[in-house]
Amino acid sequence: EKSNAIPILGEAVMEVWQADRGELLATGGETYAYNKMSGYWTCFDRGLTQELEVEIHKAIAAIDANPTLTLINNIKKWIVIHPNIYKKGIRFNDAGLIICSNCAVDPKTGMQQPHSPKHYALYGVDCEYQPDAKCPTWLEYLKEAFKDREDAEDLTTTVQEWFGAALVRNKPRELMKALVAFGPSRTGKTVMAGVCRTLIGGQTCALRAKEFSEQFGRQPLINCSGWIADDAVSPGDLLDAESWKVIVSGEPTSIPRKNLEAWEGSLDIPVCITSNTLPRVKDQSEAVYNRTIFLPMTVTQSEEDVAGRIIISEIRDEIAGVLNWAIEGWQRLIERGFFKPPKTIIEATQKYMDDQNPCGTWLTECVERDNDTMIDRRDIHAACQGFQVEYEGVPLNRTLGARKVYAGLLQRFPHIIDYRKANNRYFVGIKLNDDGVRFLENHKERNSYETIGSGAGLINQDIPERS
(Lines give C-alpha, C1' and ligand atoms only; values in the text may rest on other atoms or scores of the structure.)
Protein backbone atom coordinates (compact mmCIF):
# COMPACT_ATOMS: atom_id res chain seq x y z
CA GLU A 1 0.00 0.00 0.00
CA LYS A 2 1.39 3.39 -1.02
CA SER A 3 0.00 5.01 2.13
CA ASN A 4 2.07 2.63 4.29
CA ALA A 5 5.26 2.64 2.19
CA ILE A 6 6.64 5.95 3.42
CA PRO A 7 6.49 5.28 7.19
CA ILE A 8 7.60 1.65 6.81
CA LEU A 9 10.58 2.55 4.66
CA GLY A 10 11.33 5.59 6.84
CA GLU A 11 11.43 3.44 9.98
CA ALA A 12 13.68 0.91 8.24
CA VAL A 13 16.12 3.58 7.07
CA MET A 14 16.26 5.19 10.53
CA GLU A 15 16.89 1.82 12.17
CA VAL A 16 19.74 0.93 9.80
CA TRP A 17 21.27 4.43 9.97
CA GLN A 18 21.25 4.61 13.77
CA ALA A 19 22.54 1.06 14.19
CA ASP A 20 25.45 1.55 11.78
CA ARG A 21 26.34 5.21 12.28
CA GLY A 22 24.71 6.76 15.32
CA GLU A 23 21.67 8.67 16.49
CA LEU A 24 19.69 11.22 14.50
CA LEU A 25 18.50 14.48 16.02
CA ALA A 26 16.09 17.18 14.87
CA THR A 27 16.21 20.47 16.76
CA GLY A 28 16.11 24.18 16.11
CA GLY A 29 15.04 23.72 12.50
CA GLU A 30 18.09 21.60 11.63
CA THR A 31 18.85 17.87 11.47
CA TYR A 32 22.00 16.37 12.99
CA ALA A 33 23.74 13.00 12.80
CA TYR A 34 25.85 11.58 15.63
CA ASN A 35 29.01 9.75 14.61
CA LYS A 36 29.78 6.91 17.01
CA MET A 37 33.38 6.77 15.82
CA SER A 38 34.21 10.47 16.17
CA GLY A 39 31.99 11.18 19.19
CA TYR A 40 30.33 14.37 17.95
CA TRP A 41 27.28 15.55 16.04
CA THR A 42 27.28 17.01 12.53
CA CYS A 43 24.59 19.20 11.01
CA PHE A 44 23.20 17.74 7.81
CA ASP A 45 24.97 19.24 4.80
CA ARG A 46 24.96 18.16 1.18
CA GLY A 47 27.22 15.22 1.92
CA LEU A 48 25.12 13.79 4.75
CA THR A 49 21.92 14.49 2.85
CA GLN A 50 23.27 12.56 -0.09
CA GLU A 51 24.19 9.63 2.15
CA LEU A 52 20.68 9.59 3.62
CA GLU A 53 19.16 9.65 0.12
CA VAL A 54 21.35 6.69 -0.88
CA GLU A 55 20.15 4.71 2.16
CA ILE A 56 16.55 5.53 1.24
CA HIS A 57 17.20 4.45 -2.36
CA LYS A 58 18.58 1.11 -1.10
CA ALA A 59 15.55 0.54 1.12
CA ILE A 60 13.14 1.19 -1.76
CA ALA A 61 15.12 -1.07 -4.09
CA ALA A 62 15.09 -3.85 -1.45
CA ILE A 63 11.32 -4.18 -1.79
CA ASP A 64 11.49 -4.00 -5.59
CA ALA A 65 9.72 -0.64 -5.66
CA ASN A 66 10.44 2.26 -8.00
CA PRO A 67 12.83 4.75 -6.27
CA THR A 68 11.38 7.92 -7.73
CA LEU A 69 12.68 11.30 -6.57
CA THR A 70 9.25 12.11 -5.17
CA LEU A 71 9.22 8.97 -3.01
CA ILE A 72 12.81 9.53 -1.85
CA ASN A 73 12.06 13.13 -0.87
CA ASN A 74 8.85 12.17 0.93
CA ILE A 75 10.64 9.54 3.00
CA LYS A 76 13.43 11.99 3.78
CA LYS A 77 10.91 14.60 4.96
CA TRP A 78 9.13 11.97 7.05
CA ILE A 79 12.40 11.07 8.81
CA VAL A 80 13.45 14.61 9.72
CA ILE A 81 10.08 15.38 11.37
CA HIS A 82 9.83 12.09 13.24
CA PRO A 83 8.90 12.70 16.92
CA ASN A 84 11.43 10.10 18.08
CA ILE A 85 14.39 12.18 16.89
CA TYR A 86 12.99 15.63 17.75
CA LYS A 87 14.26 17.33 20.90
CA LYS A 88 13.59 20.88 21.94
CA GLY A 89 16.05 23.32 23.48
CA ILE A 90 19.28 21.42 22.87
CA ARG A 91 22.38 23.39 23.89
CA PHE A 92 25.36 22.21 21.91
CA ASN A 93 28.97 22.32 23.11
CA ASP A 94 27.88 22.90 26.70
CA ALA A 95 29.67 19.96 28.32
CA GLY A 96 33.06 21.72 28.46
CA LEU A 97 34.85 18.73 26.94
CA ILE A 98 37.35 18.23 24.12
CA ILE A 99 36.22 15.33 21.96
CA CYS A 100 39.17 13.21 20.84
CA SER A 101 38.96 10.20 18.56
CA ASN A 102 39.27 7.76 21.49
CA CYS A 103 37.52 9.60 24.35
CA ALA A 104 36.22 12.90 25.69
CA VAL A 105 38.64 14.94 27.82
CA ASP A 106 38.00 17.57 30.45
CA PRO A 107 40.64 20.21 29.57
CA LYS A 108 40.66 21.58 33.12
CA THR A 109 41.56 18.27 34.77
CA GLY A 110 42.71 15.92 32.01
CA MET A 111 40.09 13.38 33.11
CA GLN A 112 38.83 11.06 30.36
CA GLN A 113 35.36 9.65 29.75
CA PRO A 114 33.75 7.64 26.94
CA HIS A 115 32.09 9.29 23.96
CA SER A 116 28.41 10.02 24.42
CA PRO A 117 25.75 11.63 22.21
CA LYS A 118 24.56 13.36 25.38
CA HIS A 119 27.70 15.53 25.30
CA TYR A 120 26.02 17.28 22.33
CA ALA A 121 29.39 18.26 20.93
CA LEU A 122 29.54 19.60 17.39
CA TYR A 123 33.32 19.44 17.06
CA GLY A 124 36.20 17.13 17.86
CA VAL A 125 39.94 16.83 17.27
CA ASP A 126 41.21 14.26 14.80
CA CYS A 127 43.65 12.50 17.11
CA GLU A 128 43.72 10.21 20.12
CA TYR A 129 44.25 11.57 23.59
CA GLN A 130 47.62 10.28 24.85
CA PRO A 131 48.51 11.97 28.16
CA ASP A 132 52.23 11.28 27.78
CA ALA A 133 52.62 12.36 24.15
CA LYS A 134 55.18 15.10 23.34
CA CYS A 135 55.71 17.44 20.40
CA PRO A 136 59.45 18.21 20.02
CA THR A 137 59.24 19.11 16.33
CA TRP A 138 56.47 21.64 16.96
CA LEU A 139 58.39 23.24 19.83
CA GLU A 140 61.51 23.38 17.65
CA TYR A 141 59.50 25.09 14.92
CA LEU A 142 58.19 27.74 17.36
CA LYS A 143 61.66 28.38 18.75
CA GLU A 144 63.01 28.93 15.23
CA ALA A 145 60.02 31.09 14.20
CA PHE A 146 60.56 33.61 17.02
CA LYS A 147 64.33 33.46 17.44
CA ASP A 148 64.71 37.12 16.41
CA ARG A 149 62.55 38.32 19.31
CA GLU A 150 63.68 39.11 22.85
CA ASP A 151 60.31 37.93 24.13
CA ALA A 152 60.33 34.68 22.11
CA GLU A 153 59.36 32.58 25.12
CA ASP A 154 56.39 34.82 25.89
CA LEU A 155 55.29 34.69 22.25
CA THR A 156 55.32 30.90 22.37
CA THR A 157 53.32 31.03 25.61
CA THR A 158 50.67 33.25 24.00
CA VAL A 159 50.42 30.94 20.97
CA GLN A 160 50.09 27.97 23.31
CA GLU A 161 47.26 29.63 25.22
CA TRP A 162 45.47 30.61 22.02
CA PHE A 163 45.69 27.04 20.66
CA GLY A 164 44.25 25.78 23.93
CA ALA A 165 41.39 28.27 23.78
CA ALA A 166 40.71 27.26 20.17
CA LEU A 167 39.81 23.77 21.37
CA VAL A 168 37.24 24.90 23.93
CA ARG A 169 33.70 26.02 23.08
CA ASN A 170 31.43 28.24 25.18
CA LYS A 171 34.38 29.93 26.82
CA PRO A 172 34.27 33.40 28.43
CA ARG A 173 34.10 36.27 25.94
CA GLU A 174 37.43 37.66 27.19
CA LEU A 175 39.14 34.51 25.93
CA MET A 176 37.61 34.61 22.45
CA LYS A 177 40.21 36.17 20.15
CA ALA A 178 41.35 35.64 16.59
CA LEU A 179 44.97 34.82 15.77
CA VAL A 180 46.39 36.68 12.76
CA ALA A 181 49.93 35.61 11.84
CA PHE A 182 51.52 37.95 9.31
CA GLY A 183 54.89 38.52 7.73
CA PRO A 184 57.01 37.82 4.64
CA SER A 185 57.03 34.54 2.73
CA ARG A 186 58.85 31.50 4.17
CA THR A 187 58.41 32.58 7.79
CA GLY A 188 56.36 29.56 8.83
CA LYS A 189 52.86 31.05 8.64
CA THR A 190 51.57 28.13 6.56
CA VAL A 191 52.85 25.70 9.18
CA MET A 192 51.05 27.65 11.92
CA ALA A 193 47.73 27.48 10.04
CA GLY A 194 48.27 23.84 9.01
CA VAL A 195 48.89 22.64 12.56
CA CYS A 196 45.87 24.61 13.78
CA ARG A 197 43.72 23.05 11.04
CA THR A 198 44.92 19.55 11.92
CA LEU A 199 44.34 20.07 15.63
CA ILE A 200 40.87 21.58 15.24
CA GLY A 201 39.77 18.80 12.86
CA GLY A 202 36.38 18.57 11.20
CA GLN A 203 35.46 20.74 8.22
CA THR A 204 37.31 24.04 8.48
CA CYS A 205 36.63 27.07 6.29
CA ALA A 206 39.32 28.86 4.24
CA LEU A 207 37.36 32.08 3.66
CA ARG A 208 39.37 35.04 2.34
CA ALA A 209 39.03 38.57 3.72
CA LYS A 210 37.57 40.07 0.55
CA GLU A 211 34.90 37.31 0.40
CA PHE A 212 34.02 37.95 4.06
CA SER A 213 32.41 41.29 3.20
CA GLU A 214 30.32 40.00 0.29
CA GLN A 215 26.56 39.45 0.60
CA PHE A 216 26.78 35.67 1.09
CA GLY A 217 30.43 35.71 2.10
CA ARG A 218 29.90 34.47 5.66
CA GLN A 219 27.70 31.53 4.66
CA PRO A 220 30.62 29.02 4.55
CA LEU A 221 31.26 29.73 8.25
CA ILE A 222 27.94 28.14 9.24
CA ASN A 223 28.55 24.66 10.69
CA CYS A 224 32.30 24.76 10.00
CA SER A 225 34.70 23.71 12.77
CA GLY A 226 36.88 26.80 12.39
CA TRP A 227 37.89 29.65 10.12
CA ILE A 228 41.47 28.65 9.30
CA ALA A 229 42.76 30.40 6.19
CA ASP A 230 46.23 30.71 4.68
CA ASP A 231 47.14 33.85 2.69
CA ALA A 232 43.67 35.18 3.47
CA VAL A 233 44.47 38.84 2.79
CA SER A 234 45.48 40.50 -0.46
CA PRO A 235 46.99 44.01 -0.57
CA GLY A 236 44.26 46.60 -0.17
CA ASP A 237 41.60 44.23 1.17
CA LEU A 238 39.12 45.93 3.50
CA LEU A 239 37.93 44.00 6.56
CA ASP A 240 34.37 44.49 7.81
CA ALA A 241 35.10 45.42 11.44
CA GLU A 242 31.63 44.80 12.86
CA SER A 243 31.24 41.40 11.22
CA TRP A 244 34.74 40.42 12.38
CA LYS A 245 33.89 41.28 15.98
CA VAL A 246 30.61 39.36 15.86
CA ILE A 247 32.22 36.23 14.40
CA VAL A 248 35.27 36.21 16.69
CA SER A 249 33.24 36.97 19.84
CA GLY A 250 30.50 34.46 19.04
CA GLU A 251 27.74 37.08 19.27
CA PRO A 252 24.24 36.43 17.92
CA THR A 253 24.13 37.25 14.22
CA SER A 254 22.10 36.87 11.06
CA ILE A 255 23.95 35.42 8.07
CA PRO A 256 22.36 35.69 4.59
CA ARG A 257 22.29 32.42 2.65
CA LYS A 258 21.90 32.10 -1.09
CA ASN A 259 18.45 30.77 -2.05
CA LEU A 260 17.70 30.10 1.63
CA GLU A 261 16.36 32.09 4.55
CA ALA A 262 18.98 33.83 6.67
CA TRP A 263 20.69 31.72 9.31
CA GLU A 264 20.19 32.99 12.85
CA GLY A 265 22.52 32.03 15.67
CA SER A 266 25.97 32.42 17.19
CA LEU A 267 29.18 31.07 15.71
CA ASP A 268 31.51 29.60 18.30
CA ILE A 269 34.54 28.85 16.14
CA PRO A 270 38.28 29.54 16.33
CA VAL A 271 39.60 32.08 13.82
CA CYS A 272 43.19 31.81 12.57
CA ILE A 273 44.30 33.51 9.37
CA THR A 274 47.72 34.21 7.89
CA SER A 275 48.81 36.84 5.41
CA ASN A 276 51.78 38.74 4.06
CA THR A 277 49.99 42.03 4.72
CA LEU A 278 47.24 43.09 7.09
CA PRO A 279 43.85 44.25 5.78
CA ARG A 280 42.60 47.80 5.87
CA VAL A 281 39.98 48.37 8.51
CA LYS A 282 37.65 51.20 9.49
CA ASP A 283 37.09 50.66 13.19
CA GLN A 284 36.30 53.58 15.46
CA SER A 285 35.43 51.24 18.35
CA GLU A 286 38.79 49.40 18.21
CA ALA A 287 36.85 46.11 18.20
CA VAL A 288 39.18 44.50 15.66
CA TYR A 289 42.27 45.39 17.67
CA ASN A 290 40.75 44.24 20.97
CA ARG A 291 39.48 40.92 19.57
CA THR A 292 42.66 39.94 17.70
CA ILE A 293 46.14 38.70 18.53
CA PHE A 294 48.42 40.12 15.82
CA LEU A 295 51.44 37.82 15.60
CA PRO A 296 54.34 39.11 13.48
CA MET A 297 56.49 36.34 11.96
CA THR A 298 59.70 37.73 10.51
CA VAL A 299 62.34 34.96 10.57
CA THR A 300 62.74 34.11 6.88
CA GLN A 301 64.23 30.76 5.98
CA SER A 302 66.08 30.24 2.74
CA GLU A 303 64.79 27.76 0.20
CA GLU A 304 67.87 25.63 0.93
CA ASP A 305 66.95 25.48 4.63
CA VAL A 306 63.47 24.12 3.97
CA ALA A 307 64.26 22.00 0.91
CA GLY A 308 63.55 18.29 1.41
CA ARG A 309 61.88 18.75 4.79
CA ILE A 310 58.09 18.73 5.04
CA ILE A 311 57.84 19.95 8.63
CA ILE A 312 54.04 20.04 8.64
CA SER A 313 53.94 16.28 8.06
CA GLU A 314 56.39 15.73 10.91
CA ILE A 315 54.30 17.81 13.28
CA ARG A 316 51.11 16.00 12.25
CA ASP A 317 52.76 12.76 13.35
CA GLU A 318 53.02 14.20 16.87
CA ILE A 319 49.65 15.99 16.95
CA ALA A 320 48.67 14.14 20.15
CA GLY A 321 51.61 15.91 21.80
CA VAL A 322 50.46 19.25 20.36
CA LEU A 323 47.05 18.55 21.93
CA ASN A 324 48.62 18.06 25.36
CA TRP A 325 50.68 21.23 24.87
CA ALA A 326 47.52 23.18 23.95
CA ILE A 327 45.57 21.83 26.93
CA GLU A 328 48.40 22.98 29.20
CA GLY A 329 48.08 26.44 27.68
CA TRP A 330 44.33 26.46 28.24
CA GLN A 331 44.74 25.50 31.90
CA ARG A 332 47.09 28.42 32.44
CA LEU A 333 44.85 30.83 30.51
CA ILE A 334 41.61 29.92 32.26
CA GLU A 335 43.29 30.29 35.65
CA ARG A 336 44.52 33.80 34.75
CA GLY A 337 41.27 34.74 33.04
CA PHE A 338 42.70 36.84 30.23
CA PHE A 339 45.40 36.89 27.56
CA LYS A 340 48.63 38.63 28.50
CA PRO A 341 50.24 39.58 25.17
CA PRO A 342 53.99 40.24 25.19
CA LYS A 343 55.71 43.39 23.97
CA THR A 344 56.02 42.21 20.36
CA ILE A 345 52.27 41.68 20.00
CA ILE A 346 51.41 44.94 21.80
CA GLU A 347 53.72 46.90 19.51
CA ALA A 348 52.43 45.14 16.39
CA THR A 349 48.86 45.96 17.39
CA GLN A 350 49.70 49.60 18.07
CA LYS A 351 51.52 49.94 14.75
CA TYR A 352 48.55 48.41 12.94
CA MET A 353 46.24 50.88 14.67
CA ASP A 354 48.52 53.73 13.66
CA ASP A 355 48.61 52.51 10.08
CA GLN A 356 44.80 52.49 9.95
CA ASN A 357 44.54 55.91 11.58
CA PRO A 358 45.13 58.57 8.90
CA CYS A 359 47.27 60.58 11.31
CA GLY A 360 48.51 57.65 13.40
CA THR A 361 52.25 58.19 12.99
CA TRP A 362 51.96 61.87 13.90
CA LEU A 363 49.93 61.03 17.00
CA THR A 364 52.56 58.54 18.12
CA GLU A 365 55.49 60.86 17.49
CA CYS A 366 54.10 64.24 18.51
CA VAL A 367 51.08 64.09 20.84
CA GLU A 368 50.99 63.04 24.49
CA ARG A 369 48.34 62.67 27.12
CA ASP A 370 48.39 65.40 29.74
CA ASN A 371 45.26 65.90 31.82
CA ASP A 372 46.42 69.37 32.92
CA THR A 373 46.95 70.81 29.45
CA MET A 374 44.82 71.88 26.51
CA ILE A 375 45.50 72.99 22.95
CA ASP A 376 43.48 74.95 20.44
CA ARG A 377 41.91 72.76 17.77
CA ARG A 378 43.35 74.94 14.99
CA ASP A 379 46.86 74.55 16.38
CA ILE A 380 46.49 70.77 16.53
CA HIS A 381 45.46 70.67 12.87
CA ALA A 382 48.33 72.97 11.86
CA ALA A 383 50.80 70.80 13.79
CA CYS A 384 49.63 67.72 11.88
CA GLN A 385 49.96 69.60 8.59
CA GLY A 386 53.51 70.60 9.49
CA PHE A 387 54.39 67.01 10.31
CA GLN A 388 52.96 65.68 7.06
CA VAL A 389 54.77 68.25 4.94
CA GLU A 390 58.15 68.06 6.70
CA TYR A 391 58.30 64.43 7.84
CA GLU A 392 56.16 62.57 5.29
CA GLY A 393 56.78 64.80 2.24
CA VAL A 394 53.08 65.44 1.58
CA PRO A 395 52.24 68.61 -0.37
CA LEU A 396 50.36 71.13 1.77
CA ASN A 397 47.27 70.92 -0.44
CA ARG A 398 47.17 67.14 0.08
CA THR A 399 47.44 67.11 3.88
CA LEU A 400 44.60 65.82 6.03
CA GLY A 401 41.60 68.01 6.62
CA ALA A 402 40.71 69.14 10.10
CA ARG A 403 37.83 66.69 10.51
CA LYS A 404 40.02 63.66 9.76
CA VAL A 405 42.70 64.92 12.16
CA TYR A 406 40.14 65.44 14.92
CA ALA A 407 38.58 62.02 14.29
CA GLY A 408 41.99 60.34 14.47
CA LEU A 409 42.81 62.26 17.63
CA LEU A 410 39.58 61.19 19.33
CA GLN A 411 40.18 57.58 18.32
CA ARG A 412 43.63 57.58 19.95
CA PHE A 413 42.70 59.71 22.97
CA PRO A 414 39.01 59.03 23.73
CA HIS A 415 39.38 60.71 27.15
CA ILE A 416 39.86 64.24 25.78
CA ILE A 417 37.24 66.94 26.36
CA ASP A 418 36.05 69.44 23.77
CA TYR A 419 36.19 72.76 25.68
CA ARG A 420 34.85 76.13 24.50
CA LYS A 421 36.17 79.50 25.63
CA ALA A 422 34.70 82.56 23.98
CA ASN A 423 34.99 81.88 20.25
CA ASN A 424 37.79 79.32 20.60
CA ARG A 425 37.57 75.54 20.97
CA TYR A 426 40.18 73.43 22.70
CA PHE A 427 41.04 69.79 23.27
CA VAL A 428 41.61 69.28 26.98
CA GLY A 429 43.78 66.36 28.11
CA ILE A 430 46.60 66.36 25.51
CA LYS A 431 49.65 68.38 24.58
CA LEU A 432 52.21 68.59 21.80
CA ASN A 433 55.61 67.28 22.83
CA ASP A 434 58.83 69.03 21.79
CA ASP A 435 58.78 67.44 18.33
CA GLY A 436 55.14 68.39 17.87
CA VAL A 437 55.83 72.00 18.82
CA ARG A 438 58.78 72.08 16.42
CA PHE A 439 56.67 70.85 13.49
CA LEU A 440 54.04 73.47 14.33
CA GLU A 441 56.61 76.30 14.54
CA ASN A 442 58.22 75.26 11.25
CA HIS A 443 54.79 75.17 9.62
CA LYS A 444 54.17 78.66 11.00
CA GLU A 445 57.38 80.01 9.46
CA ARG A 446 56.78 78.40 6.05
CA ASN A 447 53.16 79.44 5.71
CA SER A 448 52.84 82.62 7.80
CA TYR A 449 50.51 80.71 10.09
CA GLU A 450 49.70 82.44 13.37
CA THR A 451 49.45 80.07 16.32
CA ILE A 452 46.28 80.64 18.27
CA GLY A 453 47.36 79.90 21.81
CA SER A 454 45.35 81.80 24.39
CA GLY A 455 45.99 85.23 23.04
CA ALA A 456 49.39 85.14 24.68
CA GLY A 457 51.00 83.08 21.93
CA LEU A 458 51.06 79.81 23.88
CA ILE A 459 50.60 76.47 22.14
CA ASN A 460 50.08 74.13 25.07
CA GLN A 461 47.97 75.89 27.66
CA ASP A 462 47.12 75.13 31.24
CA ILE A 463 43.47 74.32 31.69
CA PRO A 464 41.37 76.91 33.49
CA GLU A 465 40.51 76.31 37.08
CA ARG A 466 37.21 74.57 37.45
CA SER A 467 34.62 75.81 39.86
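To the nearest 0.5 Å, the span separating CD1 on I85 from CD1 on I79 amounts to 7.5 Å. Atom OH of residue Y40 and atom CG of residue L122 lie 10.0 Å apart, to the nearest 0.5 angstrom. For the atom pair Q350 CD and D355 CG, the distance stands at 10.0 Å (nearest 0.5 Å). In this structure, I98 CD1 and D106 CG are separated by 8.5 Å, a value rounded to the nearest 0.5 Å. Interatomic distance, E214 CD to D240 CG, rounded to the nearest 0.5 Å: 12.0 Å. From N170, atom CG reaches atom CE of M176 across 8.0 Å, with rounding to the nearest 0.5 Å.
Of the possible polar contacts, none joining the R149 side chain to the D151 backbone as a donor-acceptor pair under 3.5 Å is found. Looking only at distances, no side-chain donor or acceptor of T137 sits under 3.5 Å from a matching main-chain atom of I315.
The shortest distance between side-chain heavy atoms of T42 and L48 falls below 4.5 Å. At least one side-chain heavy atom of L142 sits less than 4.5 Å from a side-chain heavy atom of M192. With a 4.5 Å cut-off on side-chain heavy atoms, L155 and L295 count as touching.
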Might you work through the side-chain contact (heavy atoms from CB on, under 4.5 Å) test for L323 and L167, ending with a clear yes or no? CA-CA 9 Å; L323 173 62; L167 295 171; 3.6 Å; yes
List the steps and the verdict of side-chain contact (heavy atoms from CB on, under 4.5 Å) for T198 and I319. CA-CA 8 Å; T198 301; I319 198 67; 3.9 Å; yes
After noting the C-alpha distance and the side-chain angles of K351 and F294, does the key distance pass the side-chain contact (heavy atoms from CB on, under 4.5 Å) rule? CA-CA 10 Å; K351 184 179 184 307; F294 293 100; over 6 Å; no
Just do the side-chain contact (heavy atoms from CB on, under 4.5 Å) check on S249 and R291 with the steps written out, would you? CA-CA 7 Å; S249 302; R291 308 312 310 163; 3.2 Å; yes
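Dense packing is recorded around CG of L260, with more than 12 heavy atoms of other residues, nucleotides or ligands lying under 6.0 Å away. Counting non-hydrogen atoms of other residues, nucleotides and ligands closer than 6.0 Å to NZ of K340 gives a total of 12 or fewer. Applying the 6.0 Å contact sphere to CD of Q203 captures no more than 12 heavy atoms from other residues, nucleotides or ligands. By the 6.0 Å contact criterion, OH on Y86 is enclosed, its count of non-hydrogen atoms from other residues, nucleotides or ligands being greater than 12. Other residues, nucleotides and ligands contribute only 12 or fewer heavy atoms inside 6.0 Å of the CD atom of E150. More than 12 heavy atoms of other residues, nucleotides or ligands sit less than 6.0 Å from atom CD of Q112.
Salt bridge status for E53 with K76: present, with a side-chain N to carboxylate O gap under 4.0 Å. The pair K147-E144 meets the salt-bridge criterion, with a side-chain N (NZ, NE, NH1 or NH2) lying under 4.0 Å from an Asp/Glu carboxylate O. Between R218 and E211, none of the side-chain N atoms (NZ, or NE/NH1/NH2) sits under 4.0 Å from a carboxylate O, so this pair counts as no salt bridge. Salt-bridge annotation for R173 and E251: present, with a side-chain N of the basic residue lying under 4.0 Å from a carboxylate O of the acidic one.
Proximity of the aromatic rings of W138 and F163 is defined here by a centroid distance below 6.0 angstrom, and this criterion is met. Annotation: W227 is in aromatic contact with W244 [ring centroid separation under 6.0 Å].
The side-chain contact (heavy atoms from CB on, under 4.5 Å) check on K58 picks up V54, E55, with sequence neighbours excluded.
For K177 against W162, the heavy-atom pair with the smallest separation is O-NE1, 2.8 Å. Of all non-hydrogen atoms in K431 and D370, the two that sit nearest each other are CD-OD2, 3.5 Å. Minimum interatomic distance between I99 and A121 (heavy atoms only, all atoms of both residues): CG1-CB, 3.5 Å. Between V233 and S275 the shortest heavy-atom distance is CB-CB, 3.6 Å. Nearest heavy atom pair, residue T277 against residue S234, reads OG1-C, 4.2 Å. Taking every heavy atom of both residues into account, G408 and L363 meet most closely at O-CD1, 3.4 Å.
For the pair R169 and Y123, the cation-pi test (distance below 6.0 Å, angle within 45°) is passed.
Checked options L409, N371, T373; the residue passing with I430 is L409 (criterion: side chain to side chain contact (heavy atoms under 4.5 Å, CB included)).
Between Y289 and Y352, the ring planes are perpendicular. Angles over 60° get that label, and only those under 30° would be called parallel. Between H415 and F413, the ring planes lie perpendicular to each other; the angle is over 60°, past the 30° to 60° tilted range.
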Using a 3.5 Å cut-off and no angle test, enumerate the donor-acceptor pairs between side-chain atoms of residues 6-20 and protein atoms at least two apart in sequence or in another chain.
residue: E11; atom: OE2; partner: H82; partner atom: NE2; Å: 3.2
residue: Q18; atom: OE1; partner: L24; partner atom: N; Å: 2.9

